[in-house]
Protein chains: 2
Amino acid sequence: MLDKYVEVVKENLTEVKSTYSCLVTVDCVIFGYDQSSLKLLVIKCKDEPFKGQYSLLGDIVFADESLDESAKRILKQRAGLENIYVEEVKAFSAKDRHPLDRVITVAYYSLVKIGQYELKDAQDRDLQWIELSEAHNMAYDHDLILQTSMNRLKVRLRERPIGFNLLPKRFTLNQLQNLYETVLGITLDKRNFRRKLNSLDLLIDLDQTQDDVSHRPAKLYSFDMDTYKLRKKNGNLQFDI
Amino acid sequence: MLDKYVEVVKENLTEVKSTYSCLVTVDCVIFGYDQSSLKLLVIKCKDEPFKGQYSLLGDIVFADESLDESAKRILKQRAGLENIYVEEVKAFSAKDRHPLDRVITVAYYSLVKIGQYELKDAQDRDLQWIELSEAHNMAYDHDLILQTSMNRLKVRLRERPIGFNLLPKRFTLNQLQNLYETVLGITLDKRNFRRKLNSLDLLIDLDQTQDDVSHRPAKLYSFDMDTYKLRKKNGNLQFDI
DNA sequence: CCAAAAGTGTTCTGCGTACACCCATGG
DNA sequence: CCATGGGTGTACGCAGAACACTTTTGG
C-alpha cells in the first residue's frame with residue numbers, strides 16, 4: 001500500500017506534504033486509585049474556547065519520536081511520571097474534534113500509584129487529581145476519550161493482572177478487592193475473590209501485617225512480577241476475575 | 001491537554017504546522033475465507049525500494065475525513081468493497097517505518113465474503129488474494145501490521161460472532177466450524193461446537209440443504225443479525241467459543 | 001452396496017457462585 | 001469487653017471437554 005502515494009511523493013514530496021499533512025497529538029488518560037475511589041489526572045484549561053474546563057494531558061507528536069515515545073515523554077515532562085503502565089487505546093479523528101485545525105489524536109491510558117509519585121517534577125504546576133464522577137464536560141472530545149479508555153480499563157482489569165499498578169507495592173487483599181469493585185462497579189464475594197487470587201499464584205505473601213489500624217491488621221502482599229512475566233512469555237497465563 | 005499547543009498555535013499556526021505536521025495514512029488488512037483457507041487481499045509494489053513485494057491496501061488520510069471514513073473510502077475506491085466488517089487495530093508510528101518520510105499509519109482489518117464481491121469496481125487492477133502463509137516479507141512494516149491484525153482477529157473471533165462475515169449468507173455448520181479451526185489454528189469437537197452454537201441462538205435454520213454435493217447434503221443456516229444487534233444493544237450478549 | 005460427509009447424547013470434571021461465622025487487634 | 005474489619009470452608013449447579021456410532025445421499 002501507499003503505492004499511489006509513493007508515486008505522487010516522488011514527483012513532489014513538498015506539495016504532497018503541504019496538502020495532506022496534519023497535526024498528530026497524543027492524549028494521556030491517567031488513572032489513579034486513592035484508598036477507595038478512582039481518580040483522573042487533569043489540568044484546567046486557561047484559554048477559550050474551553051476555559052475552565054478540565055482537559056487530559058497531551059501534546060503534539062514530535063518528528064523524531066514514535067507515539068509510544070510521545071506518550072512516555074508527556075507523562076514524564078508534564079506530570080513527572082515514569083515507568084508506569086501505559087497502553088494505547090484508540091485514535092480519535094473526527095473532523096471537528098479540534099476548534100483550530102485538523103488534529104488527529106491517539107489516546108493512551110496509564111495507571112499510577114497515587115502517593116508514590118508527588119508530581120513534583122511536573123512541568124504543569126496546575127495538575128490535579130479529580131474524581132471520575134467530576135470528569136464530564138471536558139475540553140475537546142475528552143469525554144469520549146475518557147469513556148473509551150474507561151471501558152478498555154474495565155476489560156483489561158478482568159483479563160490481565162494490571163490492578164496492582166494502581167496500588168502501593170505492599171497491599172492487603174481487601175484493598176485489592178475494593179479496587180476491583182470500584183473500577184468495575186460491582187461487588188465481589190470475599191471468599192471467592194481470595195480463592196481465585198490464590199489459585200493464580202501471582203501474589204507474594206510478605207509475612208507482614210498492617211500496623212497503623214485500630215482493628216485486626218491485615219496481611220500484606222506484593223505482586224510477583226517475575227513469575228507473571230515468565231508465565232506470560234511461556235503463554236501459560238490465564239486470568240479472569 | 002493541548003493547552004501548550006493551543007498557546008503556540010495562536011501565535012503562529014502556520015509555523016507550528018510546518019514544524020510538527022506529518023503524513024497520516026490508513027492501511028487495510030483485508031481478510032477473506034475461501035472454502036478452507038484464510039486469505040489476504042494485497043497488491044504487488046511496482047517501485048523501489050519494495051518492488052515485487054506484497055503490500056496492504058492503503059492511502060493518505062484526506063483533510064475532510066476521519067480515519068474510519070478513510071478506511072471505508074480505501075476499501076471502496078481501491079478494492080470495490082462496501083458494507084463490510086471493519087475495525088481499527090492500532091496506530092503504527094516507528095520513526096523509520098517509511099523510507100521517504102515520517103508517516104504514521106493507522107491499521108484497520110476487515111472481513112470479506114470472497115466470491116460475493118468480484119473486485120470489479122476496484123481502482124487497482126492488480127489486486128490479488130494470497131494465502132496467509134505467503135504473506136511475509138511484505139513492504140514497509142506490513143508484516144508487523146498483519147501479525148497484529150491477525151492476533152486481533154483471533155481474539156475477536158472467540159468473543160464476538162464475526163465469523164459470519166467471512167462466509168456466504170447461507171452456510172453449513174461444518175463450514176462454520178472449519179472457519180473457526182482454520183483461523184484459530186485449533187481443532188474443535190463437532191458435537192460440542194454445535195451444542196455451543198445452538199445455545200447462542202443466533203442462527204436461522206433455513207430448512208434448506210446443499211444440493212451440489214455427492215454425499216448427504218448438510219442443512220443450511222444464516223446468521224440472525226437482527227437478534228444479534230438487539231441483544232447487543234440490550235447488553236444481553238455473551239459469546240465465547 | 002460403497003464412499004463420504006452429516007448429524008446426534010451422555011458422562012465426568014472443574015469452576016463459578018452462594019452463603020455465615022469466628023478471629024485478632026486497638027481503644 | 002466492645003467495635004471494627006480480617007479471615008476462613010462447603011455444597012450446588014452449570015458449562016466445557018471427552019468420546020463413537022448411525023444416517024443420508026450420490027455414484
Side-chain angles (χ1 to χ4, degrees), chain A residues 35-37 154-155 157-159 161 167-168 170-182 184-222 236-241, chain B residues 35-37 154-155 157-161 163 167-168 170-182 184-222 236-241:
Chain A
Q35 311 299 332
S36 60
S37 68
K154 285 183 184 176
V155 171
L157 193 61
R158 283 180 167 276
E159 68 187 17
L167 290 177
R170 307 185 311 157
F171 52 84
T172 71
L173 291 177
N174 282 320
Q175 285 171 343
L176 187 59
Q177 184 179 341
N178 283 334
L179 167 66
Y180 274 87
E181 292 182 331
T182 304
L184 298 176
I186 58 178
T187 59
L188 295 166
D189 182 89
K190 201 202 291 195
R191 282 169 288 194
N192 295 338
F193 181 78
R194 283 161 187 250
R195 180 174 33 253
K196 179 71 193 174
L197 242 84
N198 224 313
S199 74
L200 289 178
D201 206 29
L202 284 173
L203 291 186
I204 300 170
D205 184 339
L206 295 173
D207 281 319
Q208 297 171 17
T209 51
Q210 292 177 307
D211 57 0
D212 52 352
V213 290
S214 71
H215 53 76
R216 174 174 175 179
K219 293 187 72 173
L220 292 169
Y221 296 83
S222 68
N236 297 340
L237 193 59
Q238 235 160 324
F239 197 78
D240 207 16
I241 286 184
Chain B
Q35 310 299 332
S36 60
S37 69
K154 284 182 183 176
V155 170
L157 193 60
R158 283 180 167 276
E159 67 187 17
R160 294 182 197 170
L167 291 177
R170 306 186 312 158
F171 53 85
T172 71
L173 291 177
N174 282 319
Q175 286 171 343
L176 187 60
Q177 185 180 339
N178 283 334
L179 166 66
Y180 273 87
E181 293 182 331
T182 304
L184 297 177
I186 58 176
T187 60
L188 295 166
D189 182 88
K190 201 202 293 197
R191 282 168 289 193
N192 293 340
F193 182 79
R194 283 162 186 247
R195 181 175 30 254
K196 179 70 193 175
L197 243 83
N198 225 313
S199 73
L200 288 178
D201 207 29
L202 283 172
L203 292 186
I204 300 169
D205 184 339
L206 294 173
D207 281 319
Q208 298 170 19
T209 51
Q210 292 177 307
D211 57 359
D212 52 353
V213 290
S214 72
H215 54 76
R216 175 173 176 179
K219 293 186 73 172
L220 292 168
Y221 295 83
S222 69
N236 296 340
L237 192 59
Q238 236 161 323
F239 195 79
D240 207 16
I241 285 183

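The sequence lines fix the lettering, A, B, ..., with proteins before strands; numbering per chain opens at 1. Since the structure is predicted, the reported quantities are computational estimates derived from the model, not experimental observations. The analysis underlying the following values was restricted to heavy atoms, covering all of them including side chains, and did not include hydrogens, waters or symmetry mates.
The shortest heavy-atom contact between A:Val213 and A:Gln210 is CG2-OE1, 3.8 Å. Here the closest non-hydrogen pair linking B:Thr182 and B:Ser37 is CG2-CA, 4.1 Å. Of all heavy-atom pairs spanning A:Leu188 and A:Glu181, the tightest one is N-OE2, 2.7 Å. Between B:Phe239 and B:Leu157 the shortest heavy-atom distance is CE2-O, 3.7 Å.
Within the 4.5 Å cutoff, side-chain heavy atoms of A:Ile204 are placed close to those of A:Leu206. Side-chain contact check for B:Asp205 versus B:Tyr221: some heavy-atom pair is nearer than 4.5 Å.
For the pair A:Arg158 and A:Asp240, the salt-bridge criterion is not met [side-chain N within less than 4.0 Å of a carboxylate O].
The nucleotide range of DNA chain D contacted by chain A, defined by atoms under 4.0 angstrom from heavy atoms of the protein and reported 5' to 3', is D:dT4 to D:dT10.
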Could you walk me through whether A:Leu203 and A:Asn198 pass the side chain to side chain contact (heavy atoms under 4.5 Å, CB included) check? CA-CA 7 Å; A:Leu203 291 186; A:Asn198 224 313; over 6 Å; no
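Both A:Ser214 and B:Gln175 lie close to DNA chain C; mapped to their nearest nucleotides by heavy-atom distance, the more 5′-ward contact belongs to B:Gln175.
Rounded to whole angstrom, the span from the CG atom of B:Asp240 across to the P atom of C:dC15 amounts to 15 Å. A straight line from CG of B:Leu173 to C1' of C:dG7 spans 10 Å, rounded to a whole angstrom.
Across residues 187-198 of chain A, A:Asp189, A:Arg191, A:Asn192, A:Arg195, A:Lys196 each have a non-hydrogen atom less than 4.0 Å from an atom of DNA chain C (numbered order).
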